[in-house]
Number of protein chains: 2
Amino acid sequence: MATERRAPLDRRRVADTALDLLNEVGLDGLTLRAIARELDVKAPALYWHFKDKQALLDEMATEMYRRMVADTSLDPADTWRERLLKTNRGLRAALLRYRDGAKVFSGSRFTGAVHAKQMESDLRLFTTAGLTLPQAVRATTTAYVFTLGFVTEEQGVHPLPGERREGYDLDERARLMADYPLTAQAGAEIFTDYDRHFEEGLALVIGGIGAAYGLD
Amino acid sequence: MATERRAPLDRRRVADTALDLLNEVGLDGLTLRAIARELDVKAPALYWHFKDKQALLDEMATEMYRRMVADTSLDPADTWRERLLKTNRGLRAALLRYRDGAKVFSGSRFTGAVHAKQMESDLRLFTTAGLTLPQAVRATTTAYVFTLGFVTEEQGVHPLPGERREGYDLDERARLMADYPLTAQAGAEIFTDYDRHFEEGLALVIGGIGAAYGLD
DNA sequence: AAGCGGCACTTAACAGCGTTAAGGAGATGG
DNA sequence: CCATCTCCTTAACGCTGTTAAGTGCCGCTT
């Protein structure tokens with residue numbers, strides 16, 4: 001009887017499966033037992049590959065980053081503006097691909113030096129464009145934390161694109177804010193059309209960089 | 001024997017105590033049993049005041065916000081730049097006051113409409129300065145998510161001001177990035193002097209707002 | 001061919017978690 | 001004096017991350 005033996009696990013396969021599961025159950029439901037079940041294995045088996053759950057989350061964040069890089073086509077001839085647009089749109093898309101993606105990402109650290117290659121490319125492009133290294137770091141990380149903060153807020157309302165978390169009724173909010181007309185009106189502006197608002201916010205940041213560092 | 005009876009709890013007192021405890025044990029160690037112990041009560045007693053743990057975290061975030069407002073002195077005659085500086089410096093200070101403050105804050109929703117008053121004041125100031133309401137919303141929330149993202153990253157390295165999380169050895173990082181000279185050099189720029197870098201990032205955002213909306 | 005070491009996993013168990021159900025003491029009000 | 005309401009306790013539930021110990025199988029040496 002050819003009882004096929006499952007190929008042994010490895011860190012990548014575990015992280016892959018965990019990311020798939022994340023989209024179904026969310027970060028709260030992402031237990032080691034559930035991940036193990038998906039891999040046809042018992043929970044303690046995961047401790048052979050990861051020293052603890054955080055190490056697995058770190059690998060998941062790293063995998064998210066790898067997919068982001070794979071999906072972002074960078075051109076050495078990009079202008080610095082194009083580069084900032086590409087990388088931050090790519091980052092947002094990568095985070096939005098997974099339920100609680102921003103939380104997982106910002107709560108973890110990369111395993112190894114995966115991010116060095118892109119970072120080096122960005123910094124070279126920015127310094128070539130005339131910035132000092134500290135300025136280049138400031139520009140890229142300011143855009144980075146903007147995007148991370150933006151998606152964190154966004155996923156608080158939309159766990160996945162198209163899904164809406166409960167407790168965000170715009171009409172009810174407007175009624176609660178009746179004594180504050182601008183705030184009431186702002187609700188519609190805050191909780192809709194995240195795509196456009198991301199673009200506008202990112203444009204503000206990029207515009208600020210150009211103005212401050214005398215670029216273009 | 002005058003066995004004093006403890007005054008009954010209320011939501012604020014519980015949230016207060018939980019915030020104090022948060023600074024000692026961090027978000028992971030913030031269990032209902034530990035909070036209850038601090039209040040001289042058993043864990044299930046908390047369920048009289050909160051429907052679940054998330055409701056308590058929401059109250060904690062609300063309390064953080066109240067303290068932020070109390071510590072920030074706003075002037076109706078502020079220029080829009082002054083206002084953005086004050087509110088975002090105040091927000092960062094409020095988040096930094098507690099271990100994992102940014103995580104607690106961004107993972108929770110305010111109870112009630114506490115934030116409406118400040119928001120209304122900000123929006124009025126911005127629209128008076130010549131912005132449309134959508135522009136005012138975009139300006140304030142872009143700065144807001146920048147600050148939130150910044151402190152989230154900051155607290156990943158410095159749980160509390162002065163404390164340093166393990167695993168952030170700059171020399172080791174530099175060695176790991178040996179093949180990427182700019183990235184290696186950037187480490188010193190990224191992981192030090194968060195105060196100054198926050199100011200510079202915030203200045204970039206504010207500069208972008210001024211430039212985009214033709215202010216001043 | 002036999003034995004052996006190490007890899008990759010299982011079984012069993014532990015303390016601690018959020019949460020619920022049921023009950024009880026003390027004040028309040030009729 | 002009993003009923004009611006408030007605020008809390010005791011006991012227990014299922015589930016979590018994690019550790020300890022054991023087991024079967026592979027490749028290697030003798």
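Just so we're on the same page: letters track the sequence lines, and every chain starts at 1.
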- [ ] Look only at the side chain of A:Ser108 and the backbone of A:Phe105, and say whether a donor-acceptor pair between them is shorter than 3.5 Å.
- [x] no

Open item on the list: Test: side-chain hydrogen bond (donor to acceptor under 3.5 Å, both in side chains). Region: residues 27-36 of chain B. Which pairs qualify, not counting sequence neighbours?
Closed with: none

Task: ring pair (Phe, Tyr, Trp, His ring centres under 6.0 Å) partners for A:Tyr65, two or more places apart - done: A:Phe110

TODO: Calculate the interatomic distance between A:Asp10 atom CG and C:dA8 atom P; express it in whole Å.
DONE: 10 Å

Task: DNA chain C-proximal residues of residues 43-61 of chain B, any heavy atom under 4.0 Å - done: B:Pro44, B:Tyr47, B:Asp52, B:Lys53

- [ ] Would you mind reading off the distance between A:Arg13 atom CZ and C:dC9 atom C1', rounded to a whole angstrom?
- [x] 14 Å

Open item on the list: What's the separation between atom CD in A:Glu154 and atom OG1 in A:Thr147, rounded to the nearest 0.5 Å?
Closed with: 10.5 Å

TODO: Using atom NZ of B:Lys42 as one end and atom P of D:dT10 as the other, report the distance to the nearest whole Å.
DONE: 6 Å

Open item on the list: To the closest 0.5 Å, what do you measure between CG (A:Leu39) and CG (A:Leu21)?
Closed with: 9.0 Å

Task: Pair of N/O donor and acceptor under 3.5 Å linking D:dG17 base with A:Arg33 side chain - done: yes

TODO: Can you tell me the distance, in whole Å, between the CG atom of B:Leu30 and the C1' atom of C:dG16?
DONE: 15 Å

Task: Contacts of A:Phe191 that satisfy ring pair (Phe, Tyr, Trp, His ring centres under 6.0 Å) - sequence neighbours left out - done: A:Tyr168

TODO: Enter the inter-axis angle for the ends of the helix from C:dA1-D:dT30 to C:dG30-D:dC1 (five pairs per end, rounded to 10°).
DONE: 20°

Task: Atom pair distance, as rounded to whole Å: CG in A:Leu39 and P in C:dA8 - done: 15 Å

- [ ] Could you pull out all residues at least two apart from A:Arg67 that satisfy side-chain contact (heavy atoms from CB on, under 4.5 Å)?
- [x] A:Asp16, A:Leu19, A:Glu63, A:Tyr98

TODO: Determine yes or no for a side-chain-to-main-chain donor-acceptor pair under 3.5 angstrom, with B:Glu38 supplying the side chain and B:Val14 the backbone.
DONE: no

